[in-house]
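See below for the structure under consideration.
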Protein chains: 2
Amino acid sequence: MERKIDLNGFLENKQNFIPHLSIDSVIFGFHQDQLKVLLLRVHDSGVWSLSGGFVRMDEGIDPAALRILRERTGLENIYLEQYHTFGHEERSKNNTLADILDFGHTEEFRNSWLNKRFVSIGYYALVDFSKVNPTPDSFSDKAAWFDLKDLPPMIFDHREMIDKALESLRANLDTKLVGFNLLPETFTMPELQSLYETVLGYPLRRNNFQRKMLGMDILERIEKLYTGAANKAPYLYKFKAPSIEAV
Amino acid sequence: MERKIDLNGFLENKQNFIPHLSIDSVIFGFHQDQLKVLLLRVHDSGVWSLSGGFVRMDEGIDPAALRILRERTGLENIYLEQYHTFGHEERSKNNTLADILDFGHTEEFRNSWLNKRFVSIGYYALVDFSKVNPTPDSFSDKAAWFDLKDLPPMIFDHREMIDKALESLRANLDTKLVGFNLLPETFTMPELQSLYETVLGYPLRRNNFQRKMLGMDILERIEKLYTGAANKAPYLYKFKAPSIEAV
DNA sequence: GTATTATTGTCTCAAAATGGGAAAATAATA
DNA sequence: TATTATTTTCCCATTTTGAGACAATAATAC
């Protein structure tokens, strides 16, 4: 079979990455009232993975995570949070790259540093869905958004990594007010509420939600948004504090 | 100068540890109304470090952390929580082992894998102070408890690791009810309150604290504790749910 | 015994936060 | 001008929390 993936330099670790250590980021987006994650399809397979990469020997892990995200999304300023490090000894033994990939130089790959045991530092990123330009990496041929409730088969323990990232996101939603990073600059109250309901997984009451949000004094009310619908036009808001900030 | 430290096998990584990756644990204890951490004194120096170690190639990170803790404390069942991974590229460049140690085989050490850049997975452990048997490791000549408010000079970024661990502990104190792991099997309400006040760093009201704790229905009231003091004897309680559990 | 002292445990009321229903406001359409 | 579908505001009952006061009690002093 023809080799389609360019692993030049990777197999020999020419970039001098820290061996046995990887970074994987769960990239969350919000679109049409659904919480989405950006995934990469492993080349010529039906198996998907998180956006991941490695840490250069002279590079901090946060900058490494941001570099990887920049490459996958085209975005410069991204809300990023480290949430857990995954290091079960068997974690890379299910749906291994070697199992999935079949591109001729298998033997070379099997013996390379890439096919060894990895400990992976998990980050999650919150992005404005509409601004992302999904871009595959050397190991993948496609990047696409998936509804969190309808995930495809995933490599390694990446499914578990997503589940745990969502847990962290839920826990931080109220305390750190991170939700705003999933929305565009301006948004309506119903949009914000839908975001909260989607992330948390249960419905909230309009009146009390609005009272709570306005009571925190973190929103600035802009003008009204006339959508053309035959009903009262909602106000547009923007988040007072500068979005982003973390890592 | 005479070599006092036994680094046999370490310099050549005979145990086949994952390179560039370490584990460090902040071991919390509670004694005489003070929050303590167990530290190790780097051999022949005034610099102290957390309990740390490395991960074997065929070992999960949680078991590795538990193994290290077992060796330092003599305890078998320990409440352990992974809270953050530290990977700044310069983190091991302050107060390096090579800077501190001066035991003859310096050159050999400087070139060894031990003196390279490390990413460290941070755990914190909650233990019953009175049950711990502090034991130094190959790099240290002494193990001792320190009040969190009176820490000695520390190696690398270990001071920062402690600060961040305390943050996590505070955040988990109420939600996960982890505090009980710092107390003996049975305890009085004032003891429990003092623990909370010490961890959180601010005073609480007796009446409301008791109402809250009893209201959660997690405490079992045992008999009274007669201390010999000229006042009402407090009740003893024990935590209903089995302590420990995490990792 | 009885009073005293130092704590611990309980009670109560006010204030604040939350849950939940209903009414008012309003943008387009009929 | 009435109607419809939302958004926004208002209000009240309930729960939770804050804070002071009081009751209980174990040893000691007298």
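Convention: sequence-line order gives letters A, B, ...; per-chain numbering from 1.
Of the possible polar contacts, none joining the B:Gln210 side chain to the B:Asn207 backbone as a donor-acceptor pair under 3.5 Å is found. Distance alone, capped at 3.5 Å, is enough to place a donor-acceptor pair between the B:Arg91 side chain and the B:Phe118 backbone.
If you look at B:Tyr79 and B:Phe28, their ring centroids are not closer than 6.0 Å. Between A:Phe180 and A:Phe187, the ring center distance clears the sub-6.0 Å criterion. Remark: aromatic rings of B:Phe86 and B:His88 are distant, center separation not under 6.0 Å. Taking the six-membered ring for Trp and the full ring otherwise, A:Tyr123 and A:Tyr83 have centroids separated by 6.0 Å or more.
The cationic atom of B:Arg221 (NZ for Lys, CZ for Arg) does not lie both less than 6.0 Å from the six-membered ring centre of B:Tyr237 and within 45° of the ring axis.
With rounding to whole Å, B:Arg221 atom CZ is found 13 Å from C:dT8 atom P. What separates CZ of A:Phe209 from C1' of C:dG21 is a distance of 20 Å, to the nearest Å. Rounded to whole angstrom, the span from the CD atom of A:Glu191 across to the P atom of D:dT8 amounts to 11 Å. To the nearest angstrom, P of C:dG9 lies 14 Å from CE of B:Met213. The interatomic distance linking B:Lys232 (NZ) with D:dC22 (C1') rounds to 11 Å, in whole Å. Following rounding to the nearest Å, A:Leu214 (CG) and D:dC10 (P) show an atom-to-atom distance of 11 Å. Rounded to whole Å, atom C1' of C:dT7 lies 14 Å from atom OH of B:Tyr235.
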Please list, for nucleotides 17-21 of chain D, all pairs of protein and nucleotide N/O atoms separated by less than 3.5 Å.
residue	atom	partner	partner atom	Å
D:dG18	N7	B:Arg211	NH2	3.0
D:dG18	O6	B:Arg211	NH1	3.3
D:dA19	OP2	B:Arg205	NE	3.2
D:dA19	N7	B:Asn208	OD1	3.2
D:dA19	N7	B:Asn208	ND2	2.9
D:dA19	N6	B:Asn208	OD1	3.3
D:dG20	OP2	B:Arg205	NH1	3.3
D:dG20	N7	B:Asn207	ND2	3.3
D:dG20	O6	B:Asn207	ND2	2.3

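Between the side chains of B:Ser51 and B:Ser25, no donor-acceptor pair is found at a separation under 3.5 Å.
A salt bridge links B:Arg41 to B:Asp141: one of the charged nitrogens lies within less than 4.0 Å of a carboxylate oxygen.
Closest approach to the A:Asn231 side chain among C:dG9, D:dA5, C:dA6 is made by D:dA5 (side chain taken as heavy atoms from C-beta onward).
Two residues, A:Ala233 and B:Thr188, neighbour DNA chain C, and the one matched to the more 5' nucleotide by heavy-atom proximity is B:Thr188.
Contact between the side-chain N/O atoms of B:Gln210 and the OP1/OP2 oxygens of C:dT8 is not found at any separation under 4.0 Å.
Each end of the helix from C:dG1-D:dC30 to C:dA30-D:dT1 yields a helix axis from five base pairs, and these two axes differ in direction by 30° (to the nearest 10 degrees).
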